[in-house]
Every structure is written in structure tokens, then in C-alpha cells.
Amino acid sequence: REIAELNPQSDADRLAAAQARLRELRDQRSALAEALRRASPRLAALEYPVPLDRAGATRVLENGTLLLVFSVRAHGSSLFTLTPDGRLTLHRLEITQQQLGEEVERFRTLVERGRYGGPPPRALVEQGRRLWTMLLAPAADRVAAAERILIVPDGPLNELPFAALV
């Protein structure tokens, strides 16, 4: 915050000193994290997790598993698919975060109404099909070929029971 408040023209010396101090602190933190990794790898994995890259994610996917990663943003969404052989595909989804939130809420409301036995209401089946089409149809060939699907939701998709989609 201190750096952001400095004026690059009038506070050039203070800005350079603050940036140097920030680099020094980051270096110290990296050294501490590395020492912790050597001393206690399990604790380090919790305190300083290292995100998986594409190669790392591919290595941990079992044969037959399809990884679906959603990214939901204000002006559009994306679906990334990754297979155990490393094939990565990006699908653009033409739905905004707000629209998706409304669609998921509508589906959840219908699920709650239909919990009490009997066949599922037609509106529930239609909304489930609508969401499946919006979210999963772009990757339908990979979904159909997969034995297992691992889903990483984002935003309102964290509230969606994917197993209930048709």
C-alpha cells in the first residue's frame, strides 16, 4: 500500500527504496518456504502450495478420467478440458456470471420442489437439459468417452449439482 501511495516523479528515491525492500522481503519469504519444504514437505505443501501446471495435472489424472475446469467471469465463461494423455481444449461459453447464477438458482429451486417423491417435474428436466447444453455440450464427445469426470467449478457453479443434469 505504501508503494501505491508514492508519486513516481516526486518520490522516486523513496519508491526505489520501497521496491527494493519489497524484493528483499519476497526473497526472504521464498527462502523460508524452501527451507520449510526441505524440513517438512507435508507442512510446506499446506502452507505454500504449488499449483499444478498442465503437465502436473496430466500426470495425476487416471486413465479414463476427464478433467473439466470452469472459469466464470462477468462478461463470459470458459470450459477447459484435459485428458490423461495431455489433450487440452478450451471452449468459450456464451453465458455471463450473472446469467449463470440465475440459471443455477432456477435449477436448484426446481430440485428442492421435486425432492418429495414421484417423477421429476417437467420444468426440472428441461432446466437440467438447458444447463447441460450450456455447460457440457461443447465437450460432449469427451464427456461421453470418459469413465470418470472430475469437475472444478467456479462462481455459481459451486452450487450446481452436476450429477443431476441431463
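Residue numbers run from 1 in the order of the sequence given. Just so you know, these numbers come straight off a predicted model, no measurement behind them.
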Side chain proximity check, Thr83 to Leu66, heavy atoms < 4.5 angstrom | yes

How long is the gap from CZ on Arg142 to CZ on Arg87, to the nearest 0.5 Å?
-> 4.5 Å

Trace of the salt bridge (charged side-chain N to carboxylate O under 4.0 Å, His left out) decision for Glu24 with Arg21 | CA-CA 5 Å; Glu24 180 184 319; Arg21 178 69 177 141; 2.7 Å; yes

Mind running salt bridge (charged side-chain N to carboxylate O under 4.0 Å, His left out) on Glu34 and Arg38 for me, showing each step along the way?
-> CA-CA 6 Å; Glu34 188 54 40; Arg38 284 191 304 274; 3.7 Å; yes

Spell out, yes or no, whether Ile151 and Ile95 are grouped together once hydrophobic residues are joined by side-chain heavy atoms under 4.5 Å, including indirect joins.
-> yes

Which heavy atom of Leu110 sits nearest a heavy atom of Ala123, and at what distance?
-> CD1-O, 3.5 Å

What are the two closest non-hydrogen atoms of Gly64 and Pro84, and how far apart are they?
-> N-CG, 4.1 Å

Mind checking the CG-CD spacing from Leu157 to Gln97? Nearest 0.5 Å is all I need.
-> 9.5 Å

Rounding to 0.5 Å, atoms CG (Leu36) and CG (Leu43) come to a distance of 4.5 Å

Evaluate whether atom CG of Asn63 has more than 12 neighbouring non-hydrogen atoms of other residues, nucleotides or ligands under 6.0 angstrom away.
-> no

How long is the gap from CG on Leu88 to OG1 on Thr81, to the nearest 0.5 Å?
-> 6.5 Å

Residue among Leu90, Val69, Val72 satisfying side-chain contact (heavy atoms from CB on, under 4.5 Å) with Ser78 | Leu90

Find out whether Thr58 and Arg54 are in side-chain contact, i.e. whether some heavy atom of one side chain is under 4.5 Å from a heavy atom of the other.
-> yes

Is there side-chain contact between Phe80 and Val152, with heavy atoms separated by less than 4.5 Å?
-> no

Same cluster or not: are Leu100 and Val111 linked, directly or through other Ile, Leu, Val, Met, Phe, Trp or Tyr residues, by side-chain heavy atoms under 4.5 angstrom apart?
-> yes

ILVMFWY cluster, Ile149 and Leu136 together (side-chain gap under 4.5 Å) | yes

Give a yes or no on whether Val60 and Leu82 share a hydrophobic cluster (residues Ile, Leu, Val, Met, Phe, Trp, Tyr; joining criterion: side-chain heavy atoms under 4.5 Å apart).
-> no

Which atom names give the shortest non-hydrogen contact between Phe162 and Pro153, and what distance separates them?
-> CE1-CB, 4.3 Å

To the nearest 0.5 Å, how far apart are CG in Leu124 and CZ in Arg106?
-> 13.0 Å

Of Leu93, Asp154, Thr96, the residue whose pairing with Arg73 passes side-chain contact (heavy atoms from CB on, under 4.5 Å) | Asp154

Linked, directly or transitively: Trp132 and Val125 (ILVMFWY side chains, under 4.5 Å) = no

Hey, is CZ on Arg29 packed in by over 12 heavy atoms from elsewhere, all under 6.0 Å?
-> no

CZ (Phe70) and NE2 (His91) are apart, to the nearest 0.5 Å, by 9.5 Å

Tell me yes or no: between the side chains of Gln99 and Glu103, is some donor less than 3.5 Å from an acceptor?
-> no

Residue Asp13 excluded, over 12 heavy atoms near CG under 6.0 Å = no

Should we say atom CD of Glu94 is surrounded by more than 12 heavy atoms from elsewhere, each under 6.0 Å from it?
-> no

